[in-house]
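Take a look at the structure below.
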Amino acid sequence: MRGPVVVLGDTLLDRDVEGVVNRLCPDSPVPVLDETSAVDRPGGAGLAAVFAAAQGAEVVLVTALADDAGGARLSALLAAAGVQVYPLALPGATPEKIRLRARGRVLLRHDRGGASGEPGEPSDEVLRVIGSASAVLVSDYGRGVARQPALRDALAATRAPVVWDPHPRGPEAVPGVHLATPNESEVRELVPAMPGASRLATASRGAQGLRRRWRAGAVAVTLGGDGALLCHAGSTPLVVPTPGSAEGDTCGAGDRFAAAASLALAEGALVSEAVQVAVAEASRFVAGGGVAAALPSDLAPARSAPGRAVFRSLPRGGVAGEPVGVAAVATLLREVRAAGGTVVATGGCFDLLHAGHVATLQAARQLGDCLIVCLNSDASVAGLKGPDRPVMSEGDRSRVLSALSCVDAVLVFDEPTPAATLSWVRPDIWVKGGDYATGGGDDATALPEAEVLRRWGGNTVVVPYLDGRSTTDMIVRTLAEQTR
């Protein structure tokens with residue numbers, strides 16, 4: 001591949017809630033589900049990106065993330081799956097699909113998040129990565145990303161093969177896509193069927209109608225357990241059957257099909273070859289247990305007891321009312337952005353807070369309208385500094401930082417780097433102390449966060465750091481004095 005596989009579209013938060021039903025509700029004849037566990041995963045375009053990344057491809061996801069706990073959860077799950085997120089702003093709430101299940105069967109699906117808002121403008125880096133892609137998959141879930149004008153212009157201009165997985169509520173595909181992949185029901189909604197026509201005739205007529213309307217190279221209509229029907233410029237469609245019969249949970253099968261076809265095209269396959277690969281992959285996906293079995297092992301921590309959050313909303317040792325956690329940060333982001341303000345963020349361990357830390361934080365706060373501190377958790381600090389660190393718990397460190405007048409909110413993260421956190425917060429400016437980069441901080445582009453900030457047009461800066469102040473040195477001197 002000459003570039004990354006780019007997945008573009010709407011990402012949802014899917015949650016499967018498992019439980020047991022032993023009784024009916026006393027005030028209504030409906031079953032009562034006693035929750036035993038919950039599994040969170042990216043849905044929509046996010047799920048297609050996870051599938052592609054699990055095959056070893058370099059995957060970039062261009063999607064919109066909201067300033068809420070759902071957006072934070074998605075950012076962390078995608079990062080854990082190895083997906084590089086290039087986020088757009090998303091007004092409103094993260095769309096969620098919650099399936100209530102008992103003994104493997106869905107009792108009810110609960111959707112929340114409300115009407116979709118218009119996603120924000122893409123940065124120059126987003127447009128550049130689309131232009132450098134080896135293939136682009138548009139995974140449209142009808143919530144606005146595929147309708148964004150600048151993104152559509154970039155899709156029309158790219159030389160990479162474009163696969164378009166449409167949605168009846170979404171826009172038409174941009175002219176010239178290599179392959180569109182609607183399912184049967186989507187085809188019937190997009191192209192009215194002739195009364196009395198057979199299943200294959202309806203699929204073929206619909207596919208040819210979409211191919212002409214969208215000026216697409218080919219349209220493959222997925223037929224569930226019967227494979228797919230491929231229509232191209234020739235008059236005779238190609239039917240690609242499944243390699244064997246498979247029954248199971250088909251949730252996510254369409255995303256698996258589109259992702260597999262995109263990867264095949266990125267490797268230089270013909271469209272007919274890509275569809276055959278996609279049918280085989282989707283069939284194995286369903287036969288192998290569906291989405292729960294197909295997710296990479298990296299996402300295993302997503303299975304949790306009820307109420308687990310990605311970033312701790314209340315670190316150990318904290319007290320209610322402190323500006324710490326996802327809820328506090330989300331509220332702050334909404335208020336500052338609604339007023340047209342500048343969001344500044346910085347990060348670190350901040351173990352044994354000293355004058356050097358304070359100087360950096362004060363200088364950072366002067367660069368914008370709020371300052372968010374991304375704080376390494378105890379586990380993250382131990383991984384970076386060794387088993388004897390931190391000296392102060394994350395709860396105590398959070399409380400001390402949040403008490404400073406120059407700090408508006410604190411967010412604790414468990415990963416070695418704040419990349420997932422930054423993809424959700426999307427600060428306008430990221431700040432580090434001047435001793436961080438090689439050469440005393442003269443080269444800000446050496447910061448590992450600089451590449452992440454460029455994804456949404458953010459800037460990375462270094463501020464002067466007070467000489468002679470170091471947490472590690474303080475600990476060493478203290479231990480030396482104790483041993484005298």
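- Contact annotation: the side chain of Phe257 approaches that of Thr181 to within less than 4.5 Å [non-hydrogen atoms, C-beta and beyond].
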Side chain to side chain contact (heavy atoms under 4.5 Å, CB included) assessment of Val275 paired with Ser272:
CA-CA 5 Å; Val275 171; Ser272 57; 5.9 Å; no

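- Side-chain N or O atoms of Arg455 include one that pairs as donor or acceptor with a backbone N or O of Val85 at under 3.5 Å.
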Could you walk me through whether Arg426 and Arg337 pass the side chain to side chain contact (heavy atoms under 4.5 Å, CB included) test, one step at a time?
CA-CA 11 Å; Arg426 299 188 314 278; Arg337 286 176 174 149; 3.2 Å; yes

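- Distance check: Leu88 CG to Leu90 CG gives 9.0 Å after rounding to the nearest 0.5 Å.
- Taking a cutoff of 4.0 Å between a charged side-chain nitrogen and a carboxylate oxygen, Asp351 and Lys385 do not qualify as a salt bridge.
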Intermediate values then yes/no, side chain to side chain contact (heavy atoms under 4.5 Å, CB included), Asp111 and Ile98
CA-CA 6 Å; Asp111 289 3; Ile98 305 167; over 6 Å; no

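- One finds a salt bridge joining Arg41 and Asp16 here, because a Lys/Arg side-chain nitrogen approaches an Asp/Glu carboxylate oxygen to under 4.0 Å.
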Before you tell me yes or no, could you show the steps for Arg15 and Asp40 under salt bridge (Lys or Arg N to Asp or Glu O under 4.0 Å), namely the whole-Å CA-CA distance, both residues' side-chain angles and the distance that decides it to 0.1 Å?
CA-CA 4 Å; Arg15 177 173 291 133; Asp40 293 347; 2.6 Å; yes

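- One N or O on the side chain of Asp10 and one on the backbone of Tyr141 form a donor-acceptor pair closer than 3.5 Å.
- Proximity of a side-chain donor or acceptor of Asp428 to a complementary backbone N or O of Val343 within less than 3.5 Å is detected.
- Side chain of Ser204 to backbone of Leu200: no donor-acceptor contact under 3.5 angstrom is found.
- Summarising the geometry of Leu8 relative to Ala45, their closest heavy-atom pair is C-CB, 4.4 Å, with the distance given to 0.1 Å.
- Inter-residue side-chain proximity for Asp378 and Ser393 is flagged as met; some heavy-atom pair is nearer than 4.5 Å.
- For the residue pair Pro427 and Ala345, the shortest heavy atom distance occurs at CB-CB, 3.8 Å.
- Aromatic ring pairs are classed by plane angle as parallel below 30°, tilted from 30° to 60° and perpendicular above 60°; the pair Phe51 and Phe285 is perpendicular.
- The shortest side-chain heavy-atom distance between Arg143 and Arg169 does not fall under the 4.5 Å cut-off.
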Step-by-step side-chain hydrogen bond (donor to acceptor under 3.5 Å, both in side chains) determination, Gln148 to Glu121:
CA-CA 8 Å; Gln148 212 283 332; Glu121 289 287 328; 3.1 Å; yes

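- Between Val344 and Ile372 the shortest side-chain heavy-atom distance does not fall below 4.5 Å.
- Atom CG of Asp140 is separated from atom CG of Leu137 by 10.5 Å, given to the nearest 0.5 angstrom.
- Side-chain contact annotation: Ser139 with Asp165, donor-acceptor N/O pair under 3.5 Å absent.
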Test Arg99 against Cys251 for side chain to side chain contact (heavy atoms under 4.5 Å, CB included), laying out the working first.
CA-CA 11 Å; Arg99 299 196 301 174; Cys251 177; 3.6 Å; yes

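- Rounded to the nearest 0.5 Å, atoms OG (Ser377) and CG (Leu411) are 11.0 Å apart.
- At a threshold of 4.5 Å between non-hydrogen side-chain atoms, the residues Met392 and Val400 count as touching.
- For the pair Leu422 and Trp456, the tightest heavy-atom approach, listed with the atom from each and the gap, is O-CH2, 3.3 Å.
- Looking only at atom types and distance, the side chain of Thr11 has a donor-acceptor partner in the side chain of Thr63 under 3.5 Å away.
- Judged purely by distance below 3.5 Å, without hydrogens or angles, the side chains of Asp414 and Ser380 never pair a donor atom with an acceptor atom.
- You'll find the side chain of Phe413 stays beyond 4.5 Å of the side chain of Leu375, heavy atoms only.
- Residues Val7 and Ala49 come closest through the heavy atom pair CG2-CA, 4.0 Å.
- Within the 3.5 Å criterion, the main-chain N or O of Cys25 finds no donor-acceptor partner in the side chain of Ser28.
- Taken to the nearest 0.5 Å, the CG atom of Leu13 stands 9.0 Å off from the CG atom of Asp68.
- Of all non-hydrogen atoms in Ser134 and Ala266, the two that sit nearest each other are OG-CB, 3.6 Å.
- One finds the CG atom of Leu332 at 6.5 Å from the CD atom of Glu335 (value rounded to the nearest 0.5 Å).
- The shortest side-chain heavy-atom distance between Trp424 and Leu74 does not fall under the 4.5 Å cut-off.
- The main-chain N or O of Ala146 is found under 3.5 Å from a side-chain atom of Arg152 such that the two form a donor-acceptor pair.
- Here the closest heavy-atom approach between residue Pro241 and residue Val239 is recorded as CD-O, 3.4 Å.
- One N or O on the side chain of Asp408 and one on the backbone of Leu371 form a donor-acceptor pair closer than 3.5 Å.
- At a cut-off of 3.5 Å, with distance as the only test, no side-chain donor of Glu281 or Gln55 sits close to an acceptor on the other residue.
- If you take OG1 on Thr202 and CZ on Arg188, they are separated by 7.5 Å, rounding to the nearest 0.5 Å.
- Ser116 contributes no side-chain N or O that, together with a main-chain N or O of Gly144, makes up a donor-acceptor pair within less than 3.5 Å.
- Figure legend: Arg397 and Phe350 shown without cation-pi pairing, the cationic atom not lying both under 6.0 angstrom from the six-membered ring centre and within 45 degrees of its axis.
- Judged by distance alone, the side chain of Thr331 and the main-chain N or O of Ala327 form a donor-acceptor pair under 3.5 Å.
- A side-chain contact (heavy atoms from CB on, under 4.5 Å) with Glu184 is found for exactly one of Val221, Leu229, Asp226, Thr222, namely Val221.
- A donor-acceptor contact shorter than 3.5 Å links the side chain of Ser123 to the backbone of Val126.
- Proximity of Glu35 to Leu100: side-chain heavy atoms (C-beta onward) are nowhere separated by under 4.5 Å.
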